[in-house]
Enquirer: 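Handing you this structure, nothing more for now.
Lettering follows sequence order; numbering is per chain, from 1.
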Amino acid sequence: MTHHAPTNIPTTGPDDLVVRGAHVLDPSSGLDGVMDVRISGGRIAEVSENLKGLRNIEADGLHLFPGFVDVHAHWRTPGREDEETIETGSAAAAAGGFTSVVMMPNTDPVIDRPVVVSGLVRRVEGESRVRAYVSAALHEGLKGERLTEMRLMKEAGAFCVSDDGLGTQSSGVLRNAMLYAKDSGMPVILHCEDHTLATGVVHDGAAAALAGLPGSPGSAEDVATATALVLAAETGAKVHVTHVSTALSAALVGFFKGSVPAADVTADTTPHHLTLIDELVQSLEGMYRVNPPLRPEGDRLGVGEALRDGILDFVATDHAPHASEEKYLPLEEAAPGFLGHETAFSALFTELVLGGSLTLSRLVGAMSSAPGRWVGDGAGRIEAGAPADLALVDLSEEWTVRADGLLSLSGNSPYLGRNLKGRVVGTMVGGELVQDRTGARFGSRA
Amino acid sequence: MPARNLLTLEGTSRADLREVLDLARDYASGTVDRPLAGKIVCLAFFEASTRTAVSFELAARRAGADVISLSERGSSIQKGEGLIDTIVTLDSLGADAIVLRHPAAGAARLAALHTEAAVINAGDGRGQHPTQALLDLHALSGHLGGFDELEGRKVAVVGDVVHSRVARSIIPAFRAAGMELAIVAPQTLLPLDAGAWGLPVLPSVDDAVDWGADVLYALRLQKERMTGGSPRVPSVPEYARFYGVARRHLAGGAVVMHPGPVNRGVEVAGDVVLDASSLIPDQVASGVAVRSAVLALSMDVARSRVAA
């Protein structure tokens with residue numbers, strides 16, 4: 001094993017903990033019913049009925065899912081620790097039920113050299129509550145010109161490479177980067193955006209026209225997605241297209257998956273592109289600037305159907321904290337990005353599952369099993385031998401999103417003030433509770 | 001009394017427009033004396049502007065207000081002071097009205113959340129330029145013989161709609177005044193969803209004349225639209241041929257308007273700018289009275305003074 005598996009999380013935990021009476025739902029192993037899960041040595045030892053351990057968590061009425069996996073997060077470390085740190089980012093992730101997270105490399109400095117990678121890996125070991133994987137930059141400084149030392153960065157502990165935040169404007173550079181990433185044995189996470197088309201700050205639609213905001217057309221994403229998919233097929237690199245936000249880009253992914261066997265591609269979309277639309281930008285509030293931009297309802301529906309059908313493999317949050325002075329501005333001047341970890345499950349459960357467009361099983365699969373498979377390490381499964389990475393969720397809890405109730409260091413959630421249903425109440429990584437919002441409940445009975 | 005902001009003309013009504021224009025007519029005729037005496041009007045211009053700034057300053061002074069002017073050069077704005085901090089400072093200094101010009105849409109709306117003073121939007125990004133549309137209506141009603149004469153007139157809005165805050169104010173305002181609108185522009189100068197307004201899009205000014213336009217409202221074309229990364233217009237001759245207003249378009253009685261400054265020979269033929277069929281000088285002349293009226297209404301001093 002040369003890479004990445006974060007070593008901060010103990011694989012040997014307190015022996016014999018049993019989560020009792022929860023409704024266990026794991027689409028990958030087919031579990032769907034009330035049962036008990038015994039945890040030993042940081043791993044799941046047994047899933048059965050009438051189990052009792054040295055310590056027990058009574059979870060009647062709760063759901064137990066595989067821990068969620070988020071392949072797209074910005075923890076702003078190093079460089080902007082005023083917005084998020086590994087400690088607060090991982091706390092926010094745990095609060096949202098995430099047990100594994102991939103950190104994007106567009107920090108300051110950019111994660112583009114082996115020494116930076118190894119430094120960050122060491123910090124993660126000391127500071128993260130959840131399993132955190134380091135994505136290195138696909139090209140130096142994310143400038144799209146020189147390739148990074150991918151093999152050396154992999155040796156230093158990098159898990160994957162990415163051009164997130166900026167994309168790769170030259171097809172020639174992208175092709176060679178894919179070939180080299182393939183040699184290095186790392187998957188590539190791509191931010192698909194053509195800067196000659198993406199000249200605006202919101203989607204170029206009716207809302208932009210009426211509000212007087214510079215628009216970027218959907219083609220800015222679609223053209224770059226098509227380029228990435230063609231090059232993925234040609235190079236054979238393991239390519240993951242992140243934050244797909246248009247119906248056409250989703251259809252392109254579907255075409256390559258169905259008709260181009262040489263393409264080893266996966267794709268995700270975000271909770272906000274699945275639940276919010278561009279009408280929000282008519283408020284002209286900086287809060288609603290995000291990249292890719294919020295799209296019209298037709299795209300939201302198209303992306304949602306693609307997720308339902310598995311054309312889009314999973315959900316990733318693009319958790320992007322920003323200081324208030326970067327968001328409380330006219331929209332054109334605001335920094336793009338939303339918080340994501342803490343509201344992802346609740347927003348999707350409320351809008352899609354309760355709204356009737358996605359089953360609970362598919363949502364759980366899209367947040368745990370599918371991204372877990374992509375990350376590997378046995379993540380996203382509830383079965384004997386798998387790491388005891390679990391999310392306990394109360395589907396009946398209603399809550400209102402408030403900035404002061406979030407664990408992120410920043411407050412830029414587009415759901416502020418919204419009432420959501422379903423909430424993560426406990427998160428376990430390697431058998432340890434890293435998030436326990438109802439301490440009394442678990443503490444007294446453990 | 002709470003301040004009455006003027007942030008946008010989206011959602012304006014015929015009654016709102018008439019109120020401003022009636023008062024502006026009184027002011028233009030010189031029958032009202034210094035309605036803004038004792039009031040402090042602050043001009044906060046975060047973007048270069050000569051015509052609008054001068055017009056507002058004259059409007060405020062002529063109506064008797066004290067005027068504080070913060071322009072880019074030599075002010076805290078140039079030193080990088082943010083919008084909200086500037087607004088809070090002006091508020092603390094006792095401003096009764098703040099006239100704001102800013103490069104980002106929504107700036108006026110955001111500013112209004114941070115002051116008790118009335119906020120007058122003097123242009124924000126591509127968003128809104130409400131006083132321009134009001135002075136256009138003033139000039140046009142003057143030409144036609146009264147506000148009620150606007151009803152049913154046909155206006156072609158010609159040119160760079162996508163970048164134009166003037167377009168975003170005149171479209172809702174002219175509609176509220178009862179006029180019928182069409183757009184004349186190449187698709188490169190329109191938002192992708194130009195259908196958002198529900199207006200017909202015509203391919204040339206000649207077509208607008210055939211459509212029966214009473215008013216040809218030309219928007220300013222920035223020359224840099226022809227260069228840069230993704231040019232939107234091939235050349236001046238090409239643009240002038242299809243989207244420029246020429247003498248032949250005015251033969252049937254239509255008038256030409258333009259918010260200025262005009263690129264002669266581009267949006268409007270040089271020999272037409274000051275022609276009898278041009279309302280361009282009337283537009284500029286309407287600015288002071290209309291802006292005085294807007295300021296007076298925003299500070300709620302208009303009616304009492306008129307009554308007195």
Enquirer: Which distance, rounded to the nearest 0.5 Å, do you find between the OH of A/Y328 and the CD1 of B/I84?
Expert: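 Reported to 0.5 Å precision, the distance equals 5.0 Å.
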
Enquirer: Assess whether atom CZ of A/R146 is packed by more than 12 heavy atoms of other residues, nucleotides or ligands within 6.0 Å.
Expert: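 No - once you tally the heavy atoms of other residues, nucleotides and ligands closer than 6.0 Å, there are 12 at most.
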
Enquirer: Keeping B/R109 on the side-chain end and A/P330 on the backbone end, is there a donor-acceptor pair under 3.5 Å?
Expert: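 Checking the backbone N and O of A/P330 against the side chain of B/R109, no donor-acceptor pair under 3.5 Å is found.
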
Enquirer: Checking an interface table here. Which of residues 180-192 of chain B come within a heavy-atom distance under 4.5 Å of chain A?
Expert: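 Hits under 4.5 Å: B/P191, B/L192.
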
Enquirer: CD of B/E10 to CG of A/L210: how many Å apart, nearest 0.5 Å?
Expert: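 Those atoms lie 6.0 Å apart.
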
Enquirer: So what's closer than 4.5 Å to chain B heavy atoms on A/L329: side chain, backbone, both or neither?
Expert: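 Contact with chain B is through the backbone of A/L329 alone.
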
Enquirer: With only heavy atoms counted, which part of B/P172 is less than 4.5 Å from chain A, the side chain, the backbone, both or neither?
Expert: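 Contact with chain A: none, neither part.
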
Enquirer: Given a strict heavy-atom distance threshold of 4.5 Å, which part of B/H163 is in contact with chain A: side chain, backbone, both, or neither?
Expert: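 Neither part; nothing is under 4.5 Å.
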
Enquirer: In chain order, what residues pass the side chain to side chain contact (heavy atoms under 4.5 Å, CB included) check against A/R175, with sequence neighbours excluded?
Expert: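 Only A/L179, A/L231, A/E234, A/T235 meet the side chain to side chain contact (heavy atoms under 4.5 Å, CB included) criterion with A/R175.
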
Enquirer: List the atom pairs, with distances to 0.1 Å, where a side-chain N or O of residues 211-220 of chain A and a protein N or O form a donor-acceptor pair under 3.5 Å, not counting sequence neighbours.
Expert:
from: A/S216; atom 1: OG; to: A/T199; atom 2: N; distance (Å): 3.3
from: A/S216; atom 1: OG; to: A/G200; atom 2: N; distance (Å): 2.8
from: A/S216; atom 1: OG; to: A/G200; atom 2: O; distance (Å): 3.4

Enquirer: Counting neighbours of NZ on A/K143 that are heavy atoms of other residues, nucleotides or ligands and sit closer than 6.0 Å, is the number greater than 12?
Expert: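 Incorrect, the count does not exceed 12.
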
Enquirer: Heavy atom to heavy atom, less than 4.5 Å: which residues from residues 126-138 of chain B reach chain A?
Expert: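 Within residues 126-138 of chain B, near chain A: B/R126, B/G127.
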
Enquirer: If you count the non-hydrogen atoms of other residues, nucleotides and ligands that lie under 6.0 Å from CD in A/E279, is the total more than 12?
Expert: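 Incorrect, the count does not exceed 12.
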
Enquirer: State, to 0.1 Å, how close B/D193 and A/G205 come at their nearest heavy-atom pair, and which atoms those are.
Expert: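 Looking at all heavy atoms of both residues, the shortest contact is CB-C, 3.6 Å.
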
Enquirer: I'd like to know if the side chain of A/E333 and the backbone of B/A104 have a donor-acceptor N/O pair within less than 3.5 Å.
Expert: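 No.
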
